[in-house]
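Convention: sequence-line order gives letters A, B, ...; per-chain numbering from 1.
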Amino acid sequence: MRQMSEALQHDIVIVGGGGAGLRAAIAVAQLDPNLSLAVVSKVYPMRSHTVAAEGGAAAVIKDNDSFEAHCYDTISGSDWLADQDAVELFVDEAPRELIQMEHWGCPWNREPDGRVSVRPFGGMTIERTWFASDKTGFHMLHTLFQTLLQYDAVKRYDEWFATKLLIEDGRCQGVVAIEMRTGQIRCIKAKAVILSTGGAGRIFPFTTNGAIKTGDGTALAYKAGVPLKDMEFVQYHPTGLPGTGILITEAARGEGGVLLNKHGERYLKDYDLGEPLEVDDPKHPQKRTMELGPRDRLCQAFMKEHEKGNTIESPFGDVVHLDIRHIGEKKINKLLPFVRELAKNYAGIDPVHEPIPVRPVVHYMMGGIHTDIDTATPMPGLYAVGECACISINGANRLGSNSLTKLLVFGKRAGVAAAKYVRSCGKFDDSSLESQTASEQARIAAIFNRTSGNERIAAVRGDMHHAMESGAGIYRHDATLATTCEKLAMVRKRLGNIQLDDRSNCFNTELTTMLELENMVDIAEAVAHSARQRTESRGSHQRTDFPERDDQKFLKHSMAYRTEDGTPRVEYLDVVITKWPPAKRVYGEKPIESGA
Amino acid sequence: MPQETITLEVFRYRPEEDKQSTFQNYDVPYHEHWVVLDAINWIKDNVDGTLSYRWSCRMGVCGSCGMMINGEPKLTCAVFLKDYFPKVIRVEPLVNFPVERDLVIDMDGFMEKLKSVKPWIIRDDTDQMDQEYLQTPSQLAAYKDFSMCINCMLCYSACPVLDGDPEFIGPAALALAHRYNLDSRDKGNEQRQDIMGAEEGVWGCAFVGECTEVCPKNVNPAGAIQQAKIASTKAWYRSVLLPWGKR
Ligand SMILES: Cc1cc2nc3c(=O)[nH]c(=O)nc-3n(C[C@H](O)[C@H](O)[C@H](O)COP(=O)(O)OP(=O)(O)OC[C@H]3O[C@@H](n4cnc5c(N)ncnc54)[C@H](O)[C@@H]3O)c2cc1C
Ligand code: SF4
Ligand code: FES
């Protein structure tokens with residue numbers, strides 16, 4: 001391995017060039033151009049997985065909508081596990097941030113009068129999801145990236161892979177990262193670090209997440225002693241394409257698409273999600289009802305239908321049908337062109353003429369690095385934002401289209417908070433950062449140079465996938481989770497037996513894949529152990545042995561701290577309740593008046 | 001029935017070990033539903049961890065996985081083995097770029113070109129955050145197609161001008177510049193004129209149209225360049241003939 005000791009230095013280092021990281025970067029650049037700012041990203045920023053988001057971003061903008069309604073939808077959607085102070089802040093700030101995106105050039109769909117259009121989304125009382133046809137994330141990411149290009153002072157480290165946080169004097173003071181082109185492992189010092197490394201859907205085999213979503217930043221923080229919050233809450237999306245896991249956006253249902261079982265029935269009617277209206281009824285689709293219920297409930301309904309034998313067999317596991325034919329070719333081309341393209345290419349059917357086969361697929365991590373509402377972690381100098389962070393506005397179940405908005409609202413907040421911190425943090429001891437870097441170089445060199453061991457990355461990763469899918473999926477039980485935890489412990493042991501083929505320094509993706517796998521095993525264990533210890537059912541976390549929500553014991557965030565052997569110690573933290581005391585989640589009828 | 005296979009003939013180049021590039025053949029299980037990227041991932045996972053390439057979304061939107069497939073620039077997550085089977089598939093890095101290693105090209109040049117066209121909204125007023133700028137559906141439609149570029153670089157590989165003149169800004173960056181020029185919210189036309197109207201700008205284009213042919217996202221960069229040439233000519237006339245007038 002190439003060693004290189006000279007350190008790089010900045011005021012703020014942002015690790016992650018997705019929506020959250022780029023928004024934070026623009027905030028810093030605008031606030032104080034004199035700050036030295038760096039963005040480190042393992043892929044070119046415009047490749048970040050924000051690019052794949054399709055459906056849209058939520059914010060109250062229309063006259064028929066209200067602050068209370070968006071808060072209520074988010075909180076009830078979260079099964080009351082969201083922190084309500086964070087939700088209020090989020091909902092309040094959301095419209096300004098989406099207007100800001102508009103001013104930066106995001107091509108939002110428009111009404112004839114030139115105002116932005118909104119569409120309905122799952123679990124939302126009112127249509128409030130802004131969209132750029134069905135490539136919202138793509139347009140937002142490119143808009144942010146192109147906007148950032150005008151700030152000459154921002155130093156980008158594209159295709160640099162962060163491997164470790166540098167902690168000294170009780171503060172985060174930088175990162176170690178591999179420059180992929182050369183293989184050099186470098187120390188990047190900073191007064192503050194913002195992690196925005198995205199989710200970790202790749203700990204499961206079947207996911208909408210791209211290859212890069214391996215939870216690196218989450219694992220880096222976890223290894224540095226920062227707790228991971230609510231890791232047991234993993235969102236499945238009800239409509240992934242079988243085989244690939246490619247997402248068919250919820251917007252397909254927002255525009256009127258319906259879900260059918262093998263008898264052609266809209267089976268959701270049997271699952272406490274209200275009564276179906278005919279698809280040609282002008283009131284269809286009804287908000288917070290049937291196909292526009294929340295994702296957790298729709299995925300659970302699929303599992304029950306599967307048990308009843310009502311799903312349809314396919315070579316890649318059972319499916320149901322998402323039927324959008326009645327929307328018509330013209331509207332599909334205008335509002336859902338990407339859905340059509342994806343279904344044609346990857347399912348071999350044209351949704352204008354045939355229903356789309358779909359099944360639940362791992363989609364989003366509600367849990368992540370514990371932060372306060374200013375995105376600060378308990379570690380001074382370390383901030384986290386985006387899908388890697390848990391603030392928490394998502395609680396036990398995120399509502400679709402809240403995440404893209406969250407990247408912006410809290411991305412900006414992270415930039416502002418970090419800038420404020422670096423101006424006042426003063427000087428501290430950083431004498432060991434270079435020796436810490438040297439030991440990280442040695443750790444990585446040992447992996448790189450290992451000549452013993454007979455395991456391949458793919459095999460170990462496959463067993464991690466199997467452990468997660470078989471025991472920590474949509475329905476869980478103490479017994480399945482116990483097995484998952486045992487299997488993960490074995491997987492962890494095998495990491496040390498992996499021998500790499502690739503001994504080149506330049507663009508060694510086998511090495512980075514190996515480091516990603518190590519990170520994923522940490523995350524997977526945090527998920528499985530946190531899930532095992534939450535003996536209740538709430539939102540996306542359903543325990544067949546504890547089918548009820550238990551507010552007495554578990555109106556709390558789980559906080560996983562990494563211990564020496566890699567497994568977590570789980571503690572709990574109270575949820576912040578402001579105006580919306582815990583109540584039953586009701587869908588399919590008018591929700592309880594908000595603000596109650 | 002034994003598993004059918006298909007052969008991938010893959011370009012290899014590791015700057016530390018190899019004096020020059022070579023091709024390496026891999027026999028890969030053939031599945032009808034596999035894209036070429038699935039086959040490459042299978043190689044990496046099962047037989048040769050030393051093969052380097054970029055990919056992420058595997059749904060044709062991140063723009064990472066462009067390669068030459070039998071001599072044509074393609075997104076490898078969007079082309080299927082079945083379209084080539086049973087013939088050998090030749091996999092090479094995108095042409096008209098330096099190669100970092102194996103199938104990984106050097107993107108530095110493009111990143112600079114992209115920045116040079118100022119692909120962001122330029123206005124002289126300050127942002128009023130209480131409302132969106134109005135933009136009608138037809139104003140949106142005027143530039144929408146040109147905003148669909150995923151920066152996959154297929155058009156750079158197809159471009160005969162870039163083959164001879166690496167300085168040419170190239171189809172994707174010019175299309176993006178044009179996208180902002182056409183955006184009713186933008187007032188940056190003039191600021192982009194210098195670079196657009198320069199020799200390596202729109203006038204570098206020989207209008208062969210290969211870029212539009214290969215674009216997987218129907219961006220039509222050739223059309224953008226053609227439109228921009230006309231706009232650029234008008235701007236030139238205005239600047240020559242009416243230096244004192246409203247430009
Ligand atoms: C298919 C799909 C569709 C979606 N649709 C919607 C939607 O319609 N609406 C909505 O609100 N949400 C949607 N979501 C969720 C939302 O898109 C994501 O939660 C969000 O984009 C995550 O953004 P991010 O900035 O946190 O991370 P990402 O965009 O994933 O970016 C992570 C960044 O971190 C960098 N990074 C990671 N590890 C390292 C490392 N070790 N070193 C250096 N850099 C690193 C990466 O290079 C990347 O730049 C969707 C998600 C998916 C998967
Ligand atoms: S214009 Fe088309 S081919 Fe060229 S980079 Fe953009 S998406 Fe790719
Ligand atoms: S992997 Fe993203 S475009 Fe092919």
Side-chain angles (χ1 to χ4, degrees), chain A residues 43-44 46-49 51-52 61 96 98-100 102-105 107-116 133 135 138-139 142-143 146-150 158 181 210-213 243-244 246-247 315 338 341-342 345-346 348 456-458 500-510 513, chain B residues 14-17 33 35 41 44-46 48-64 78 80 100-102 104 106-107 111 114-115 118-123 127-137 139-140 143-144 147-151 176 179-180 183 185-186:
Chain A
V43 295
Y44 280 97
M46 70 277 187
R47 315 295 190 210
S48 305
H49 206 59
V51 82
I61 182 90
R96 269 186 297 283
L98 292 194
I99 289 171
Q100 176 66 81
E102 193 279 329
H103 289 194
W104 283 335
W108 299 117
N109 274 48
R110 304 284 179 156
E111 297 299 323
D113 65 0
R115 304 286 312 270
V116 296
S133 58
K135 285 203 172 166
F138 159 76
H139 285 297
H142 281 255
T143 300
Q146 289 165 11
T147 299
L148 183 71
L149 289 178
Q150 70 193 279
D158 294 339
R181 182 179 306 195
I212 57 177
K213 299 199 75 167
T244 57
I246 289 171
L247 179 76
F338 196 36
E341 180 187 325
L342 291 171
N345 285 350
Y346 299 102
R456 285 193 81 79
I457 292 174
L500 304 185
D501 298 341
D502 193 352
R503 304 289 152 113
S504 265
N505 291 292
C506 170
F507 223 92
N508 187 328
T509 52
E510 198 186 17
T513 307
Chain B
R14 282 165 296 174
E16 294 153 73
E17 286 94 350
H33 61 277
V35 292
N41 279 336
K44 177 96 179 169
D45 283 350
N46 297 289
D48 188 352
T50 69
L51 182 61
S52 284
Y53 52 97
R54 297 185 176 107
W55 71 291
S56 174
C57 73
R58 50 81 175 98
M59 57 191 276
V61 70
C62 77
S64 325
F80 287 82
E100 272 179 33
R101 167 179 177 170
D102 295 340
V104 178
D106 177 344
M107 292 266 299
M111 297 309 277
L114 178 64
K115 184 174 171 168
K118 301 187 198 279
W120 52 80
I121 295 277
I122 299 174
R123 289 171 72 101
D127 285 345
Q128 296 295 323
M129 282 310 152
D130 47 345
Q131 212 197 313
E132 69 269 40
Y133 302 138
L134 298 182
Q135 183 166 68
T136 62
Q139 286 173 324
L140 170 68
Y143 70 87
K144 183 69 193 278
S147 75
M148 302 299 281
C149 171
I150 60 172
N151 300 350
L176 277 164
R179 168 247 177 279
Y180 282 95
D183 191 320
R185 298 166 291 187
D186 179 81

Contact leader toward chain A among B:L114, B:D48, B:D183, B:N46, where contacts are heavy-atom pairs under 4.5 Å: B:N46

Chain B: which of A:P107, A:A458, A:G210, A:A52 shares the most heavy-atom pairs with it under 4.5 Å? A:P107

List the residues meeting ring pair (Phe, Tyr, Trp, His ring centres under 6.0 Å) with A:F138, not counting sequence neighbours, and say none if there are none. A:H142

Contact class of A:E111 relative to chain B, heavy atoms under 4.5 angstrom: backbone

Please determine, among B:T136, B:D45, B:V104, the option with the most heavy-atom pairs under 4.5 Å with chain A. B:D45

Which answer fits B:R58, side chain, backbone, both or neither, if we ask what part of it has an atom under 4.5 Å from a heavy atom of chain A? both

Set out, in order, the CA-CA distance, both residues' side-chain angles and the distance that settles side chain to side chain contact (heavy atoms under 4.5 Å, CB included) for A:R47 and B:S56, then state yes or no. CA-CA 8 Å; A:R47 315 295 190 210; B:S56 174; 5.6 Å; no

Best-contacting candidate, B:V35, B:D186, B:L140, against chain A by heavy atom pairs under 4.5 angstrom: B:L140

Between B:V61 and chain A, with a heavy-atom cut-off of 4.5 Å, which part of the residue counts as in contact: side chain, backbone, both or neither? both

Looking only at A:R96, A:R456, A:K135, most heavy-atom pairs under 4.5 Å shared with chain B are made by A:R456

Counting heavy-atom pairs under 4.5 Å with chain A, which one of B:R14, B:R123, B:E17, B:Q139 comes out on top? B:E17

Which residue out of B:R54, B:E132, B:H33 racks up the most heavy-atom pairs below 4.5 Å with chain A? B:E132

Residue B:L176 versus chain A: region with a heavy atom under 4.5 Å: side chain

Does a side chain donor of either B:K44 or A:T513 reach within less than 3.5 Å of an acceptor in the other side chain? no

Where on B:Q131 is there a heavy atom nearer than 4.5 Å to chain A: the side chain, the backbone, both, or neither? both

Using 0.5 Å steps for rounding, measure from the CE atom of A:M46 to the CE atom of B:M111. 4.0 Å

Could you have a look at B:P137, B:C149, B:C57 and say which one has the most heavy-atom pairs with chain A under 4.5 angstrom? B:P137

Distance (rounded to the nearest 0.5 Å) between A:T147 OG1 and B:I121 CD1: 8.0 Å

For B:R185 and A:G105, indicate whether the former's side chain and the latter's backbone hold a donor-acceptor pair under 3.5 Å. yes

Relative to chain A, which segment of B:K118 carries a heavy atom at a distance below 4.5 Å: side chain, backbone, both, or neither? neither

Whatever's closer than 4.5 Å to a heavy atom in chain A on B:D130 counts as backbone

Smallest heavy-atom separation, B:T50 atom then A:D502 atom, equals CG2-CA, 3.6 Å

B:D106 versus chain A, the contacting section by heavy-atom distance below 4.5 Å: side chain

Which atoms of B:N151 approach chain A - backbone, side chain, both or neither, heavy atom under 4.5 Å: both

Restricting to non-hydrogen atoms, name the atom on B:A78 and the atom on A:Y346 that form the minimum distance, rounded to 0.1 Å. CA-OH, 3.7 Å

Evaluate the side-chain proximity of A:L149 to B:P119: yes if any heavy-atom separation is below 4.5 Å, no if none is. yes

Give the intermediate values and the outcome of side chain to side chain contact (heavy atoms under 4.5 Å, CB included) for residues A:F507 and B:D102. CA-CA 9 Å; A:F507 223 92; B:D102 295 340; over 6 Å; no

I'd like to know if the side chain of B:E100 and the backbone of A:C506 have a donor-acceptor N/O pair within less than 3.5 Å. no

For chain B, find which of A:K213, A:Q100, A:Q150, A:R503 contributes the most heavy-atom pairs closer than 4.5 angstrom. A:Q150

Select one option (side chain, backbone, both, neither) describing which atoms of A:D158 are under 4.5 Å from chain B's heavy atoms. side chain

Applying a strict 4.5 Å limit to non-hydrogen atoms, the region of B:M148 in contact with chain A is both

Cut-off 4.5 Å, heavy atoms of chain B, and the answer for A:I457 is neither

Hits for ring pair (Phe, Tyr, Trp, His ring centres under 6.0 Å) against A:H103, two or more places apart or cross-chain, chain-then-number order -> B:Y133

Check each atom of A:S48 against the heavy atoms of chain B and say whether the ones under 4.5 Å are side chain, backbone, both or neither. neither

Please state whether the side chain, the backbone, both or neither of B:P15 comes within less than 4.5 Å of a heavy atom of chain A. side chain

Which atoms of B:Y143 approach chain A - backbone, side chain, both or neither, heavy atom under 4.5 Å: side chain

Highest number of heavy-atom pairs under 4.5 Å with chain B: which of A:N109, A:V116, A:L98, A:N508? A:V116

